[in-house]
Structures are given as structure tokens and as C-alpha cells.
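A short worksheet on the structure shown next.
The chain is numbered in sequence order, starting from 1.
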Amino acid sequence: QVQLVESGGGLVQPGGSLRLSCAASGFTFSSYAMGWFRQAPGNEREFIAAISWSGNTEYYADSVKGRFTISRSNAKNTVYLQMNSLKSEDTAVYYCNAAPYYSDYDPEIFNPLDAWGQGTLVTVSS
């Protein structure tokens with residue numbers, strides 16, 4: 001079955017950086033787009049970044065554009081999220097997911113699988 005295991009979260013000061021990883025299994029990773037979501041306390045889950053199966057197309061929500069970078073290694077079945085210039089409002093649990101259908105022409109549309117990992121907590125605080 002699909003397994004998504006996020007890691008790399010922690011406590012970081014404002015302006016700092018973190019790199020999240022998501023190890024995926026149970027599906028053909030290289031054929032799926034991958035995305036990152038986050039959920040802050042009391043908020044709905046927010047879609048923040050995606051990358052196509054080839055890595056040629058990336059999408060970022062306005063809230064993270066210019067600060068976060070998504071990347072992937074199809075050899076390692078892993079997707080990454082490099083987070084720089086972190087702000088207190090980035091505090092959340094971060095999740096990854098996969099999408100079997102993803103269009104380069106509508107990169108903001110990402111329909112995730114019905115399978116979520118445990119997430120990794122990022123806390124930005126001084």
C-alpha cells in the first residue's frame with residue numbers, strides 16, 4: 001500500500017532554514033507528481049508546492065513562493081522541500097502526497113491520493 005514518511009521538521013528561529021524529506025513507497029514514484037501540504041493549528045490543510053514527475057514543472061503557493069524549493073529524486077523515491085527565510089506563520093505540520101494526474105498547464109491543480117503520512121512538525125519561533 002501507499003506509504004509516505006515525512007521527516008526533517010523541528011524548531012527553527014525566524015529567518016532560518018530547514019529541509020524536509022518525504023520517502024514514498026507502494027506506487028511507481030517516477031510516474032507521479034509530488035506535492036507538499038501543511039496544516040497549522042485550527043486551519044485547513046494548505047497546498048503549498050508541487051513538482052511534476054519529470055521535475056520540469058514546479059508550483060508554489062504565494063505564501064511560500066521565493067522562499068521554498070521543491071525537488072525530487074526518482075532514484076531514491078524521495079521528494080524534498082527546502083525552506084528558507086522561515087517565518088512564524090510557517091509553523092505547521094507538513095505533509096507530502098502524490099498525484100497520478102498532473103498537468104503542466106494547470107500546475108496549481110493537484111489531486112492527492114487518499115493516503116497521508118504522519119507529517120513532520122515545523123515550529124518557527126525565537
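- Exactly one residue among L81, I48, V64, L20 makes a side chain to side chain contact (heavy atoms under 4.5 Å, CB included) with I70. That residue is L81.
- Closest approach of N97 to F37, counting heavy atoms only: CB-CE1, 4.1 Å.
- Remark: aromatic rings of Y59 and F47 are close, center separation under 6.0 Å.
- L18 and V79 fall within a single hydrophobic cluster, where Ile, Leu, Val, Met, Phe, Trp and Tyr side chains are chained together by heavy-atom contacts under 4.5 Å.
- Taking a 6.0 Å sphere around CD of E108, one finds it holds more than 12 heavy atoms contributed by other residues, nucleotides or ligands.
- No single ILVMFWY cluster, assembled from side-chain heavy atoms under 4.5 Å apart, contains both L113 and Y95.
- Salt bridge status for D90 with K87: absent, with no side-chain N to carboxylate O gap under 4.0 Å.
- Side chains of R38 and S63 form a contact here, defined as non-hydrogen atoms less than 4.5 Å apart.
- Contact of the Q118 side chain with the E6 side chain is registered, since non-hydrogen atoms from C-beta on lie closer than 4.5 Å.
- Checking Q13 against S125 by side-chain atom types alone, no donor-acceptor pair falls below 3.5 Å.
- Contact of the F29 side chain with the M34 side chain is registered, since non-hydrogen atoms from C-beta on lie closer than 4.5 Å.
- Of all non-hydrogen atoms in Y102 and A50, the two that sit nearest each other are OH-CB, 3.6 Å.
- Cluster membership check: V122 shares its hydrophobic cluster with Y60, using side-chain heavy-atom separations under 4.5 Å among Ile, Leu, Val, Met, Phe, Trp and Tyr.
- Geometric assessment of R72 against the ring of Y80 yields a negative cation-pi assignment under the 6.0 Å and 45° thresholds.
- Around the CG atom of D114, the shell of radius 6.0 Å holds no more than 12 heavy atoms that belong to other residues, nucleotides or ligands.
- Cation-pi contact between R45 and W116: present, with separation from the ring centre below 6.0 Å and deviation from the ring axis of at most 45°.
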